[in-house]
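Notes follow the structure.
For the single chain, residues carry numbers from 1 onward in sequence order.
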Amino acid sequence: MELYLIGIMIPMGYMGYGVYSFLKEYQILKDLLQKNHYERLNYNKFSFLYFIFSLIAGVLLLIISFRKKDIILYYACLIIVSFACMEILKSPITNALYFNEKECIINNKLIKYKRIRKITISDKKFASCEIITFENETIETPKKIAEFLKDKLKK
């Protein structure tokens with residue numbers, strides 16, 4: 001009986017928290033986007049495709065485990081499917097840069113270009129880069145975003 005409760009509570013709890021988190025992040029982004037016109041740059045399509053693949057694989061394993069009546073595998077697949085669903089839901093917010101000629105929005109934070117003190121770009125292919133503001137706030141971003149902002153600041 002405990003296995004059933006745990007197997008249901010973990011995915012449902014994660015889905016509930018994920019939806020709550022998404023709605024909160026979406027509302028912040030919506031409020032920021034209403035102030036000015038922004039263009040959108042999607043910068044991480046690989047992770048979106050990875051989670052789509054995870055969702056498909058999880059659903060297929062869910063069907064197989066249901067047919068085999070393997071309850072442990074069934075609940076493990078249910079957890080995988082719930083994680084993939086939440087990441088797909090959050091992907092448009094977490095994997096996009098909104099920008100215009102004066103400012104940008106990274107991780108739901110409004111950053112004016114003139115407030116950026118330094119952009120550190122790593123030489124490694126998949127390493128995070130850092131944007132440091134004059135307020136000594138450090139924001140980690142993917143390399144593609146850091147390069148895009150560095151080019152934007154040169155103009």
Side-chain angles (χ1 to χ4, degrees), residues 7-64 74-155:
I8 295 294
M9 294 301 288
I10 289 173
M12 293 312 231
Y14 185 75
M15 294 278 279
Y17 176 75
V19 169
Y20 168 76
S21 174
F22 168 77
L23 291 174
K24 191 168 88 172
E25 294 286 323
Y26 179 74
Q27 188 60 45
I28 292 169
L29 183 62
K30 188 175 155 188
D31 292 343
L32 289 171
L33 291 176
Q34 285 179 349
K35 295 177 183 176
N36 288 314
H37 174 72
Y38 294 94
E39 294 180 54
R40 180 181 167 163
L41 173 68
N42 291 325
Y43 60 84
N44 199 352
K45 293 178 184 162
F46 174 76
S47 68
F48 182 75
L49 293 175
Y50 171 76
F51 288 119
I52 291 287
F53 175 75
S54 297
L55 179 64
I56 292 168
V59 168
L60 289 175
L61 287 171
L62 199 62
I63 292 168
I64 291 169
Y74 178 78
Y75 287 130
C77 293
L78 197 59
I79 291 169
I80 291 169
V81 167
S82 67
F83 285 166
C85 285
M86 285 301 95
E87 293 303 321
I88 290 168
L89 181 66
K90 294 189 295 185
S91 184
I93 293 175
T94 58
N95 293 334
L97 170 73
Y98 297 90
F99 66 95
N100 61 22
E101 58 281 335
K102 296 179 187 174
E103 58 199 12
C104 64
I105 300 172
I106 302 173
N107 300 335
N108 281 347
K109 293 180 184 173
L110 184 65
I111 300 170
K112 297 189 182 292
Y113 296 138
K114 63 183 178 182
R115 301 303 310 155
I116 295 175
R117 181 177 56 167
K118 181 179 170 186
I119 298 176
T120 306
I121 298 178
S122 175
D123 292 335
K124 297 176 183 171
K125 185 168 177 117
F126 294 109
S128 290
C129 300
E130 291 183 339
I131 298 172
I132 302 170
T133 65
F134 283 110
E135 293 84 21
N136 286 327
E137 183 179 4
T138 302
I139 301 161
E140 288 190 19
T141 64
K143 190 173 186 177
K144 185 175 179 181
I145 295 301
E147 290 171 346
F148 177 83
L149 290 176
K150 202 163 201 170
D151 290 342
K152 197 87 167 148
L153 291 174
K154 286 180 184 176
K155 295 180 182 178

Report task. Would you indicate whether the side-chain heavy atoms of N100 and E39 approach each other to under 4.5 Å? Result -> no
Query raised in the report: Ring centres of F83 and F51 under 6.0 Å apart?
Result: no
Requested in this report: To the nearest 0.5 Å, tell me how far N108 CG sits from Y98 OH.
Outcome: 8.5 Å
Requested in this report: Find the distance between CZ (F134) and CD1 (I116) and round it off to the nearest 0.5 Å.
Outcome: 9.5 Å
Query raised in the report: What's the spacing between F99 CZ and I145 CD1 if we round to 0.5 Å?
Result: 9.0 Å
Report task. Measure the shortest side-chain to side-chain distance between V81 and P11 over non-hydrogen atoms and say whether it is less than 4.5 angstrom. Result -> no
Requested in this report: Assess whether side-chain contact (heavy atoms from CB on, under 4.5 Å) is satisfied between C129 and E140, documenting all intermediate values.
Outcome: CA-CA 6 Å; C129 300; E140 288 190 19; over 6 Å; no
Query - Close side-chain approach of L55 to I80, heavy-atom, < 4.5 Å - result: no
Report summary line: Nearest heavy-atom approach of K90 to Y14 is NZ-OH, 4.4 Å
**Report entry** NZ-CD1 distance between K152 and I119, expressed to the nearest 0.5 angstrom
**Finding:** 12.0 Å
Query raised in the report: Can any side-chain N or O of T133 pair as donor or acceptor with the backbone N or O of E137 at less than 3.5 Å?
Result: yes
Query raised in the report: Is there a side-chain contact between I139 and T141 (heavy atoms, below 4.5 Å)?
Result: yes
**Report entry** R117 to N136 - nearest heavy-atom pair and separation
**Finding:** NH2-OD1, 3.0 Å
Report task. Could you check if a side-chain atom of S82 sits within less than 4.5 angstrom of a side-chain atom of L78, using non-hydrogen atoms only? Result -> no
Query raised in the report: CZ/F22 to OG/S91 distance, rounded to the nearest 0.5 angstrom?
Result: 10.5 Å
Query raised in the report: Any chance the side chains of Y38 and E103 put a donor and an acceptor closer than 3.5 Å?
Result: yes
Requested in this report: Could you walk me through whether L149 and Y113 pass side-chain contact (heavy atoms from CB on, under 4.5 Å), step by step?
Outcome: CA-CA 8 Å; L149 290 176; Y113 296 138; 3.7 Å; yes
Query raised in the report: How far apart are the closest heavy atoms of L97 and I105, and which atoms are they?
Result: CD1-O, 3.5 Å
Requested in this report: Would you please classify the geometry between the Y20 ring and the Y17 ring as parallel, tilted or perpendicular, with 30° and 60° separating the classes?
Outcome: tilted
Query raised in the report: Are side-chain heavy atoms of M15 and M86 found at a separation under 4.5 Å?
Result: yes
**Report entry** Check ion pair R115-E135 (N to O, under 4.0 angstrom)
**Finding:** yes
Query - Distance (rounded to the nearest 0.5 Å) between C85 SG and I52 CD1 - result: 9.0 Å
Query raised in the report: Is there a donor-acceptor contact under 3.5 Å from the side chain of N107 to the main chain of K109?
Result: no
Requested in this report: Check whether any side-chain heavy atom of T138 sits under 4.5 Å from a side-chain heavy atom of I131, and report yes or no.
Outcome: no
Requested in this report: Could you tell me whether K150 and E147 have a side-chain N and a carboxylate O separated by less than 4.0 Å?
Outcome: no
